[in-house]
Each structure stands twice: as C-alpha cells, then as structure tokens.
Amino acid sequence: MRGTNCPWRWCTPTSPPTTSTPSSPPSTARPDSYAHRPGVHAYVASRSFYGPLFPPAELHLVWSAIAVQWLSRLPAAAQDHIYSSRADSDTRRALREQSRSDWEVFLTHRAVELRPGGQMVILGGAAADDGSSGAEGLMDTANAVFVELIEQGLLDADEYARMMIPTWNRTLEEFLAPLRAEPLVHDLSAEEHGVVALPDILLEEYHATRDAAHFGGRVAGFFEAAFGPSLFSALSPGSRSSQAVAELMTEFRTRLAARVAADPGAVETHWHVALLRIVRR
C-alpha cells in the first residue's frame, strides 16, 4: 500500500491492523524491489480473501493471480475422482454453487475496499464452455495412482473418498455473471475479459530433450507442491505417524513420476486462465 497516510502494516486473523511506524523492507527484497520506495508499506493478512482485508475505499489496484479458483470450503467430494471436472453431476452442482457464492463474496469485499476508479486485475483458473480446465489428463493420471495405492493396501478407500482438490475452474460466463446482476452491477464493471489456454512448457521441454525421467519428476513435483497438501489432508487423523505420511507421499510422487515418464502425452496440460480487468464505478 502506498501513501504517507496509510499506516496499515500487519494483520492477524484475530487482531486488528497495528498502526506502528512502517518497518524497513524485508531482508529478502531485491535491491530493485518496490518495497524500497518511499511511502510503500508492506501489508500481510493471514486470513482468507473471502472476507474483508482492507479499510473501505483504500485501494487503487487489486492484483490476484491463480488464486480465486480455490474454494473457501469443499461442500462435497466425489467418490471416484480427485478433480472437480471429473466429479458426478450432484457433486459438480454443489461445487459450482460454492464457487458462485465465493466469487460473489470476493467481489463484494473488494468493491468496498476499492476507491472509485480503482481497478482489479484478476488471473483465475478457468474452464472452457464444456467445463474442462485443460488439465484433465494430468488429473486422470494422478487419480489412477491413488486407485493403485488402494488396491495395494497403502491407502484406505474411505481416505480416498475424501480426497478432492478444492477448486472450481469457472467458465467466463461464471466469472462475468455477478458483474451483470444486482447488486454488483452498480459497483463494478468488467472492462476487459477473456480466456486463454497456456502452453505446456514442461512437455515442450521434454520434446526438446526426450528425457522422460526428468519430465516425470518435474510433473510429479509440480503436482505434489500444488495439490499434495489438500489431498493428503484427507488422511485419517492419527492413523499414521508423520514419517508414514511422508513415506506415502513419496510413494505417490514416485509412482506418478513413473506413469508420466511412461506416457508423456497422456498428461499434456493446457491450463485455461481467465483474465479480467474490473473497474470500481
């Protein structure tokens, strides 16, 4: 946040922002970072953006990248797949409704916090009109590994039944719908919007090197970092030691890497991303 009259610097889930003198830039900030500029103050909020984060009419610019597809809660879990686009119709309906509610809540709070004329730039996980996100091959391959772990007695079926990535990739229409309806239509305007499909840079690298083992490791590492914490949080509490959990995660990553290396084309991924520029009226 920038400005000499902006004391907001730190926030916790249970405490209001403090009003102390801004500290020096973080030691990890690069020499050319904006954090070194006069009148720029760092603000950290350790709480969800599905609630208020800033005082009313305080923000000139909001930037959010690859975050708004994550749901505030998981209203239901599919019984036979870890990914929303592969879920049964009832589960998809519940996820879609949760996504609609979360997106409206996000927009409502940001509308309060933005100044008139302030803008939001949103890059969010998106879906084509048929609901596909471009990552279905990767998700099917990962799901097959979990099924294999069940068959070999390494994962309980009830744990797998609770495993689901808590995301919903919205279609462009789902992103735009609340901006065209009451009450947000009076507060926010979508000035630019579109959906793009990203290139699969890891697969492109594999085509250049033909190193399938390296490709498998890169894909498995990405998957574990992005989705492992959500999926493995479904393990039964107290059923395994921390070491046993770590060993299970390693086993999953190793098997996923092997499957990917055996058939690189099966996991070709072109994530769909929505780009929106939204202005506060």
Side-chain angles (χ1 to χ4, degrees), residues 66 69-71 74 76-89 91-92 95 124-128 130-171 195-235 244-273:
I66 315 302
Q69 72 273 11
W70 290 90
L71 302 175
L74 191 61
Q79 298 301 304
D80 57 359
H81 211 288
I82 59 172
Y83 196 50
S84 57
S85 68
R86 296 303 204 206
D88 59 86
S89 59
T91 301
R92 284 177 56 80
L95 293 168
D130 64 1
S132 61
S133 70
E136 279 69 24
L138 172 60
M139 296 301 175
D140 288 345
T141 301
N143 191 72
V145 174
F146 284 117
V147 172
E148 184 179 87
L149 292 174
I150 295 172
E151 293 171 346
Q152 298 185 7
L154 299 176
L155 180 69
D156 293 340
D158 61 335
E159 293 175 320
Y160 169 70
R162 295 192 297 269
M163 284 183 165
M164 191 167 197
I165 298 170
T167 59
W168 180 264
N169 285 41
R170 301 175 183 89
T171 64
V195 172
V196 299
L198 301 181
D200 188 335
I201 58 175
L202 296 184
L203 189 62
E204 290 176 0
E205 179 185 78
Y206 162 71
H207 286 154
T209 66
R210 311 306 293 183
D211 188 337
H214 179 72
F215 174 66
R218 292 284 303 275
V219 172
F222 159 77
F223 187 94
E224 183 183 37
F227 309 117
S230 297
L231 292 169
F232 285 97
S233 67
L235 297 178
V245 171
E247 290 173 352
L248 179 60
M249 295 177 70
T250 298
E251 185 69 20
F252 168 79
R253 182 175 66 250
T254 300
R255 293 180 183 226
L256 178 59
R259 280 181 175 262
V260 171
D263 189 0
V267 298
E268 183 172 359
T269 301
H270 296 280
W271 289 104
H272 298 334
V273 176

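Note that the numbering runs from 1 along the sequence shown for the chain.
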Self-check item: Heavy-atom side-chain proximity of L149 to E251 below 4.5 angstrom
Solution: yes

Quiz item: Any side-chain heavy atom of T269 within less than 4.5 Å of one from L198?
Solution: no

Practice problem: Mind telling me whether F232 and F252 have parallel, tilted or perpendicular rings, with 30° and 60° as the class edges? | Solution: perpendicular

Quiz prompt | Rounded distance [0.5 Å steps], CE in M164 versus CD in Q79 | solution = 10.0 Å

Quiz prompt | Shortest non-hydrogen contact from A142 toward I82 | solution = CB-CD1, 4.0 Å

Practice problem: With the side chain counted from C-beta on, respond yes when W70 and I165 share a heavy-atom pair under 4.5 Å apart, and no when they do not. | Solution: yes

Practice problem: Look only at the side chain of N169 and the backbone of A126, and say whether a donor-acceptor pair between them is shorter than 3.5 Å. | Solution: yes

Quiz prompt | Minimum-distance pair of heavy atoms, taken over all atoms of A128 and T171 | solution = O-CG2, 3.4 Å

Quiz item: Can you check whether R162 reaches D158 side chain to side chain, under 4.5 Å on heavy atoms?
Solution: yes

Quiz item: Given the rule in the side chain to side chain donor-acceptor pair (under 3.5 Å) test, do H81 and D88 qualify, once you have shown the distances and angles that lead to the verdict?
Solution: CA-CA 9 Å; H81 211 288; D88 59 86; over 6 Å; no

Quiz prompt | Euclidean distance, R170 CZ relative to Q69 CD, rounded to 0.5 Å | solution = 8.0 Å

Quiz item: Between CD of E151 and CZ of F146, what distance do you get to the nearest 0.5 Å?
Solution: 14.0 Å

Quiz prompt | Any V273 side-chain heavy atom under 4.5 Å of V195 side chain | solution = no

Practice problem: Please name all residues satisfying side-chain contact (heavy atoms from CB on, under 4.5 Å) with A212, sequence neighbours left out, ordered by chain then number. | Solution: Y206, A261

Practice problem: Would you name the heavy atoms of S132 and H272 that are closest together and state the gap between them? | Solution: O-CD2, 3.1 Å

Quiz item: Rounded to the nearest 0.5 Å, how far does OH of Y160 lie from CG of N143?
Solution: 3.5 Å

Quiz item: Below 4.5 Å, heavy atoms only, C-beta onward: do L95 and L74 meet side chain to side chain?
Solution: yes

Quiz prompt | Y83/S133 under side chain to side chain donor-acceptor pair (under 3.5 Å): CA gap, chis, key distance, verdict | solution = CA-CA 10 Å; Y83 196 50; S133 70; 2.7 Å; yes

Exercise. I would like to know whether L155 and L235 meet side-chain contact (heavy atoms from CB on, under 4.5 Å); could you show each step before the answer?
Key: CA-CA 9 Å; L155 180 69; L235 297 178; 3.7 Å; yes

Self-check item: D140 side, atom CG; R259 side, atom CZ - distance, nearest 0.5 Å
Solution: 11.0 Å

Quiz item: Taking side chain as C-beta onward, heavy atoms only, is L138 less than 4.5 Å from F222?
Solution: yes

Quiz prompt | A220 versus L256, closest heavy-atom pair with distance | solution = CA-CD2, 3.9 Å

Quiz item: Between E205 and H207, does a side chain to side chain donor-acceptor pair (under 3.5 Å) hold up when you go through it step by step?
Solution: CA-CA 5 Å; E205 179 185 78; H207 286 154; over 6 Å; no

Practice problem: Considering non-hydrogen atoms only, spot the tightest contact between S85 and G131 and give its length. | Solution: CB-O, 3.8 Å

Quiz item: Which value, rounded to the nearest 0.5 Å, describes the distance between L154 atom CG and E247 atom CD?
Solution: 10.5 Å

Exercise. Please determine if E136 and R86 form a salt bridge, counting it only when a charged side-chain N lies under 4.0 Å from a carboxylate O.
Key: no

Quiz item: Only one of V260, L231, V267 clears side chain to side chain contact (heavy atoms under 4.5 Å, CB included) with F223; which?
Solution: L231

